[in-house]
Amino acid sequence: MNKIRKLLLLALLTSLTSLTYAHDLVVQNAWARFSVAGMSASGVFLDIDNQSKQDDVLVAVSTPVAGKSEIHESVNHEGMMHMHALPEGLALPAHQTTHLQPGSMHIMLMDLKQPLKQGTTIPLTLMFKHSQSLNITVPVKTGNGQGHKMH
Ligand SMILES: [Cu+2]
């Protein structure tokens, strides 16, 4: 086998592998909360269905519309809602759907570079401990329920 054929085969195998991995983590119901001028932060919410036999971890997220993106958890401490970053990431147990929703786990977008306008979409990259990263397109919505407050 000549060198070019070898490289082509390797490229093919690599893309097949990433497809297989990507299919094990299925992201659904993703949306980002709209923001207006003057707001520096917003949230992204979604469900991650881990269909593989292996536990995984959402370790990082990124989007070009925010200077900084973090994985946050909201906790009720003595009647007050607080949120903090999960430096170890968010566990995604095998065969389970993990919900990121307002008042609970969420993706926090900080240092927004522009207002998130309802009806538009933003690109978001999800990075995992084991699986290949996923690039998704997230619609911007007004959302419902409680607002997403800053620290
Ligand atoms: Cu937050």
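In this text the structure is predicted, and so the values were computed from the model without any measurement. Just so it is clear, the values below take in all heavy atoms, side chains as well, and ignore hydrogens, waters and symmetry mates. Atoms within a ligand are numbered from 1 in the order they appear, just like the ligands themselves.
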For residues I122 and L109, determine if any side-chain heavy atom of one lies less than 4.5 Å from a side-chain heavy atom of the other. yes
Suppose we only allow N, O or S atoms; which atom of H106 ends up nearest to the Cu ion (ligand 1)? NE2
Would you say N50's side chain and H95's backbone share a donor-acceptor pair under 3.5 angstrom? no
Any donor-acceptor pair under 3.5 Å from D24 side chain to S131 backbone: no
To the nearest 10 degrees, could you say what angle the Cu ion (ligand 1) makes with SD of M83 and SD of M108? 120°
Any donor-acceptor pair under 3.5 Å from D56 side chain to H130 backbone: yes
Checking distances from the Cu ion (ligand 1), one finds that the N, O or S atom of H72 closest to it is ND1
